[in-house]
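Just the heavy atoms: all of them, side chains too, but no hydrogens, waters or symmetry mates, feed the values below. Just so you know, residue 1 is the first one in the sequence shown, and it goes up from there.
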Amino acid sequence: MNVFEYAMQMEKDGQAYYEKMAGKTENAVLKEILMNLAQDEVKHYNLFKKFRDGDVSAVKDLEASGSKALENAKNVFQKLSSGPVPSGFSKDILDTWKEAQKIEKKTEDFYREKAAEEKNAGIKKTIIKIADEEHKHWVLIENVIHFLSRPKQWLEDAEWNNMEQY
């Protein structure tokens with residue numbers, strides 16, 4: 001299995017994980033965030049598929065589309081802050097998000113390692129950009145974990161306003 005096929009499988013697994021989480025989530029805000037993350041994984045999968053097939057024009061695809069998960073999450077949290085604050089969440093939900101965060105970190109590290117090995121400058125740049133998007137996913141999930149841990153305080157402190165700093 002070459003690096004692109006491996007990356008495609010990682011992205012496919014990530015998509016399936018987020019969709020499975022969304023299917024088990026009753027909270028509409030969390031469901032929307034999960035579906036946005038799943039959509040990003042699909043975009044990444046398609047890029048790596050093009051690379052595998054020798055289509056390096058895919059470099060432009062990522063620059064044009066970019067990750068919207070962080071931006072969309074910020075909008076979702078703004079909506080959430082104007083309504084009633086949800087009550088506490090179960091430990092199982094929190095553990096599931098922590099596992100997702102570990103996966104994002106592992107994926108980011110893998111892409112940075114592979115980018116360092118890549119000879120084609122365009123592909124290297126794109127892999128680094130995807131690694132950066134995986135880091136943004138990690139930051140987003142970090143914010144979700146903080147929200148799940150203490151929803152009222154998190155919304156009152158408006159911590160979601162700082163999500164793009166990372």
Side-chain angles (χ1 to χ4, degrees), residues 1-25 29-77 92-149 159-166:
M1 182 181 297
N2 73 28
V3 66
F4 299 131
E5 289 173 351
Y6 187 80
M8 287 166 55
Q9 188 60 53
M10 288 175 63
E11 297 299 332
K12 192 181 233 182
D13 292 346
Q15 175 195 359
Y17 187 78
Y18 290 131
E19 288 174 348
K20 182 179 177 184
M21 285 176 64
K24 293 180 177 181
T25 300
V29 171
L30 296 178
K31 189 179 291 275
E32 186 173 343
I33 291 170
L34 289 164
M35 292 311 296
N36 285 328
L37 288 166
Q39 289 171 358
D40 276 358
E41 303 302 339
V42 170
K43 280 192 257 183
H44 297 166
Y45 173 89
N46 290 331
L47 285 169
F48 286 123
K49 185 174 187 283
K50 286 182 178 182
F51 287 159
R52 183 203 63 195
D53 296 342
D55 182 0
V56 293
S57 70
V59 170
K60 295 175 189 164
D61 294 349
L62 184 62
E63 291 172 0
S65 66
S67 173
K68 302 288 187 235
L70 195 60
E71 180 183 319
N72 290 343
K74 193 172 178 182
N75 293 335
V76 167
F77 280 122
D92 289 347
I93 291 172
L94 192 57
D95 289 344
T96 302
W97 281 92
K98 286 179 180 180
E99 183 61 28
Q101 189 178 42
K102 287 179 192 173
I103 292 168
E104 291 294 342
K105 179 63 176 151
K106 179 181 170 188
T107 304
E108 175 191 353
D109 291 347
F110 173 78
Y111 291 153
R112 293 201 190 284
E113 178 186 322
K114 294 306 171 189
E117 299 169 2
E118 181 56 52
K119 304 284 187 252
N120 180 298
I123 292 175
K124 179 181 195 128
K125 179 181 173 185
T126 303
I127 294 172
I128 290 169
K129 189 159 175 64
I130 292 172
D132 291 345
E133 286 193 7
E134 300 296 350
H135 181 73
K136 287 178 183 178
H137 292 173
W138 185 94
V139 170
L140 170 56
I141 293 169
E142 179 73 8
N143 277 273
V144 170
I145 290 169
H146 285 256
F147 167 71
L148 292 172
S149 300
E159 292 180 28
W160 45 267
N161 282 318
N162 299 319
M163 286 195 300
E164 290 183 9
Q165 288 180 339
Y166 300 94

Review point. So with a 6.0 Å cut-off around NZ of Lys98, is the heavy-atom count from everything else above 12?
Key: no

Study note, to complete from the structure: Those residues at least two apart in sequence (or on a different chain) that pass side-chain contact (heavy atoms from CB on, under 4.5 Å) with Lys12 are Gln9, Tyr45

Check your understanding: Between Phe4 and Phe51, how do the two ring planes meet: parallel, tilted or perpendicular, split at 30° and 60°?
Key -> tilted

**Study point:** CG on Leu47 to NZ on Lys50, rounded to 0.5 Å
**Key:** 7.0 Å

Practice item. Using side chain to side chain contact (heavy atoms under 4.5 Å, CB included) as the criterion, point out the one residue from Ile93, Leu94, Ile33 that pairs with Val144. Key: Ile33

Study note, to complete from the structure: In terms of heavy-atom contacts, Ile128 and Ala115 come closest through CG1-CB, 3.5 Å

Study note, to complete from the structure: Correct closest heavy-atom pair for Met8 and Phe48 would be CG-CB, 3.6 Å

Review point. Any luck finding a side-chain donor-acceptor pair between His146 and Glu142 under 3.5 Å?
Key: yes

Practice item. Please assess His44 against Met10 for the test side chain to side chain contact (heavy atoms under 4.5 Å, CB included), listing each intermediate value before the final yes or no. Key: CA-CA 10 Å; His44 297 166; Met10 288 175 63; over 6 Å; no

Review point. Counting N and O atoms only, with roles assigned by atom type, does the side chain of Asp53 sit under 3.5 Å from a partner on the main chain of Asp55, one being a donor and the other an acceptor?
Key: no

Exercise for review: With rounding to the nearest 0.5 Å, note down the distance linking CG in Leu37 to NZ in Lys136.
Suggested key: 13.0 Å

**Study point:** Ile130 CD1 to His137 NE2 distance, which is reported to the nearest 0.5 Å
**Key:** 10.5 Å

Practice item. Begin with the C-alpha distance, continue with both residues' side-chain angles, and end with the deciding distance and a verdict on side chain to side chain contact (heavy atoms under 4.5 Å, CB included) for Glu133 and Lys43. Key: CA-CA 11 Å; Glu133 286 193 7; Lys43 280 192 257 183; over 6 Å; no

Check your understanding: Taking all non-hydrogen atoms of both residues, which atom of Glu5 and which atom of Asn2 are closest, and how far apart?
Key -> N-OD1, 2.8 Å

Check your understanding: Nearest 0.5 Å, what's the CD1-OG1 distance between Ile141 and Thr96?
Key -> 11.5 Å

Study note, to complete from the structure: For Glu41 and Gly14 the tightest heavy-atom approach is CG-C, 3.9 Å

**Study point:** Close side-chain approach of Arg52 and Lys49, heavy atoms under 4.5 Å
**Key:** yes

Review point. So Gln15 and Gln39, side chain to side chain contact (heavy atoms under 4.5 Å, CB included) or not? Walk me through it.
Key: CA-CA 7 Å; Gln15 175 195 359; Gln39 289 171 358; over 6 Å; no

Practice item. Search all heavy atoms of Tyr18 against all heavy atoms of Leu34 and return the closest pair with its distance. Key: CB-O, 3.6 Å

Ignoring hydrogens and angles, write down the donor-acceptor pairs under 3.5 Å from the side chains of residues 106-114, residues two or more places apart or on other chains.
unit_1, atom_1, unit_2, atom_2, d
Thr107, OG1, Ile103, O, 2.8
Glu108, OE1, His135, ND1, 3.2
Glu108, OE2, Arg112, NE, 3.1
Glu108, OE2, Arg112, NH2, 3.2
Asp109, OD1, Lys105, NZ, 3.0
Tyr111, OH, Glu11, OE2, 2.4
Arg112, NH1, Asp132, OD1, 3.1
Arg112, NH2, Asp132, OD1, 2.7
Lys114, NZ, Glu117, OE1, 3.4

Practice item. Rounded to the nearest 0.5 Å, what's the gap from CD on Gln101 to CD1 on Ile145? Could you check? Key: 4.0 Å

